[in-house]
Amino acid sequence: MTGWLEGDVALITGGGSGIGRAIAERFVLEGANVVIVGHDADQLEATVAQQAESERWLAVQADVRDTDALHRAVEVTIDRFGKLDCVVPNAGVWDFHRSLTRLSGHELGDAFDELFAINVRGYLLTVEAAWRELVRTGGSVVMTLSNAAFYVNGGGAIYTAAKHACLGLVRELAYELAPTVRVNAVAPGGMNTDLRGPSAIGLGERSIGASFARRDPGGGMPIPLHHSATEPAAFVAPYVLLASKAQSGTITGEVISADGGIGVRGFGSPAGGDHLLELITGRQDQ
């Protein structure tokens with residue numbers, strides 16, 4: 001049976017682990033060749049070495065904040081596979097729900113610069129490096145957004161602002177690259193990955209997977225389908241749909257939410273004013 005991406009070539013940033021790796025593995029199952037881009041060369045090479053069809057994979061070390069490195073990644077892709085049909089800007093960091101009230105002004109500024117440079121600038125530079133090849137193939141961009149692109153409390157203020165910014169990128173780039181290149185996104189919910197935080201505030205070695213390991217599987221998250229959406233592979237089918245010209249050739253500027261139904265119920269109640277008063281006065285209710 002022919003896959004939905006038979007003969008396509010896709011470049012995926014942050015492709016060495018987490019949802020980036022899951023997307024790449026599913027794309028290969030659908031018939032594509034994939035190029036995984038990331039900053040950790042050893043991790044990328046190990047990912048490729050673990051694949052049954054490793055000849056359909058290519059690992060390219062690049063920092064998504066470096067436009068020259070991204071252009072080289074695209075050039076290497078063309079040299080190896082001859083074309084580029086889909087780009088998945090996916091590399092990112094999370095702020096581990098660090099709220100405005102938990103960071104100093106200097107910490108906020110440093111974390112903002114790092115997170116936006118990776119999560120927003122990195123997306124924009126990735127598309128800039130690839131759009132010429134996508135025009136040649138009539139290809140597409142499929143960005144990884146988040147429930148935080150639409151709803152609060154999917155992260156802290158910085159992460160939420162970054163994902164809202166990427167929602168703007170989807171819509172603006174869909175307009176700018178039309179009618180040849182489609183630009184869409186998937187907005188997953190939280191999942192068990194090795195996603196890290198900004199080094200600027202000491203979170204560079206902290207993994208979201210550790211938080212999942214400590215979670216009570218019986219409750220705590222009031223999301224209708226959260227029980228079925230924890231591992232990266234559960235989120236990747238919408239990427240296949242949006243990458244396939246035959247299946248979604250009339251869709252651009254859209255986001256598929258794959259968040260377990262957060263829009264139905266949300267995350268729950270905010271902390272409220274008493275919490276802020278405690279931060280200021282040091283008072284703890286007994």
Side-chain angles (χ1 to χ4, degrees), residues 3-41 43-51 53-66 69-78 80-81 83-93 118-119 122-131 133-134 137 139-146 166 169-170 173 181-188 191 193-195 232-245 256 258:
W4 279 13
L5 304 178
E6 194 69 34
D8 284 357
V9 178
L11 183 151
I12 303 160
T13 67
S17 65
I19 191 167
R21 174 172 176 165
I23 294 165
E25 291 174 341
R26 179 62 182 271
F27 276 23
V28 169
L29 286 176
E30 296 290 341
N33 296 311
V34 296
V35 179
I36 55 172
V37 176
H39 69 277
D40 187 333
Q43 181 188 68
L44 295 171
E45 294 295 344
T47 296
V48 172
Q50 292 163 11
Q51 306 304 317
E53 298 182 86
S54 59
E55 73 280 359
R56 295 172 58 188
W57 291 67
L58 176 65
V60 180
Q61 191 278 330
D63 189 319
V64 295
R65 294 168 288 189
D66 183 344
L70 289 168
H71 275 267
R72 286 193 296 273
V74 171
E75 291 170 2
V76 170
T77 299
I78 303 306
R80 171 71 176 271
F81 295 118
K83 62 173 183 168
L84 180 59
D85 297 283
C86 181
V87 168
V88 182
N90 169 76
V93 293
I118 297 170
N119 291 25
Y123 277 27
L124 189 59
L125 292 180
T126 298
V127 178
E128 191 283 324
W131 71 265
E133 299 300 330
L134 297 177
T137 59
S140 68
V141 177
V142 185
M143 297 186 186
T144 296
L145 296 192
S146 164
C166 289
L169 285 183
V170 171
L173 296 180
V181 178
R182 296 178 299 111
V183 182
N184 296 292
V186 180
M191 68 188 77
T193 73
D194 194 37
L195 183 65
F235 297 87
V236 300
Y239 290 87
V240 178
L241 172 66
L242 293 174
S244 170
K245 188 186 300 185
I256 296 177

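Computed from heavy atoms alone, side chains included, the values below leave out hydrogens, waters and symmetry copies.
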| When rounded to the nearest 0.5 angstrom, what is the spacing between CE in M143 and OG1 in T13? | 10.0 Å
| task | For A62 and A69, work out which heavy atoms get closest and say how close. | result | CB-CB, 3.8 Å
| request: Can you sort out the partners of V76 under side chain to side chain contact (heavy atoms under 4.5 Å, CB included), two or more places apart, ordered by chain and number? | output: L58, V60
| message | Quick check for you: to the nearest 0.5 Å, what is the distance between N119 atom CG and L169 atom CG? | response | 11.0 Å
| Can you check side-chain contact (heavy atoms from CB on, under 4.5 Å) on W57 and T47, steps first, answer last? | CA-CA 9 Å; W57 291 67; T47 296; 4.0 Å; yes
| Step by step, would you call S244 with L5 a side-chain contact (heavy atoms from CB on, under 4.5 Å)? | CA-CA 6 Å; S244 170; L5 304 178; 4.0 Å; yes
| Under the side-chain contact (heavy atoms from CB on, under 4.5 Å) criterion, do V142 and C86 qualify, and how do the steps go? | CA-CA 7 Å; V142 185; C86 181; 4.0 Å; yes
| said: Among residues at least two apart in sequence or on other chains, which ones pass side-chain hydrogen bond (donor to acceptor under 3.5 Å, both in side chains) with E25? | reply: R21, Q51
| Spacing of L29 atom CG and E53 atom CD [to the nearest 0.5 Å] | 8.0 Å
| field | Nearest atoms (heavy-atom pairs only) where L84 meets T77 | value | CD1-CG2, 4.1 Å
| said: Quick one: does any side-chain atom of E30 pair with a main-chain N or O of W4 as donor and acceptor, under 3.5 Å? | reply: yes
| task | Quick one: closest heavy-atom pair of V87 and A130, and the distance? | result | CG2-CB, 3.4 Å
| request: Report yes or no: does D85 contribute a side-chain atom to a donor-acceptor pair with the main-chain N or O of V9 at less than 3.5 Å? | output: yes
| request: Could you list the residues that satisfy side-chain hydrogen bond (donor to acceptor under 3.5 Å, both in side chains) with R65, not counting sequence neighbours? | output: D63
| Residues in side-chain hydrogen bond (donor to acceptor under 3.5 Å, both in side chains) with E55, at least two apart? | none
| message | Nearest 0.5 Å, please: how far is CD in E45 from OG in S54? | response | 10.5 Å
| query | Under 4.5 Å between any side-chain heavy atoms of V88 and F27, yes or no? | reply | yes
| request: Grab the two heavy atoms, one from A59 and one from V48, that are nearest each other, plus how far apart they are. | output: CB-CG2, 3.9 Å
| message | On a heavy-atom basis, which atom in V141 and which in V127 lie closest, and how many Å separate them? | response | CG1-CG2, 4.0 Å
| field | Passing option when V186 is tested against L242, I23, L241 for side chain to side chain contact (heavy atoms under 4.5 Å, CB included) | value | L242
| message | Walk me through whether L125 and V64 qualify under side-chain contact (heavy atoms from CB on, under 4.5 Å). | response | CA-CA 7 Å; L125 292 180; V64 295; over 6 Å; no
| query | If every non-hydrogen atom of A258 is compared with every non-hydrogen atom of P238, which pair is closest and at what distance? | reply | CB-CG, 4.4 Å
| message | Just verifying a value: how many Å separate I12 CD1 and T126 OG1, rounded to the nearest 0.5 Å? | response | 12.0 Å
| field | side-chain hydrogen bond (donor to acceptor under 3.5 Å, both in side chains) involving T144 - partner list, sequence neighbours excluded | value | N90, Y239
Side-chain donor-acceptor distances from residues 31-40 under 3.5 Å, at least two apart:
from, atom 1, to, atom 2, distance (Å)
D40, OD1, D42, N, 3.1
D40, OD1, Q43, N, 3.1

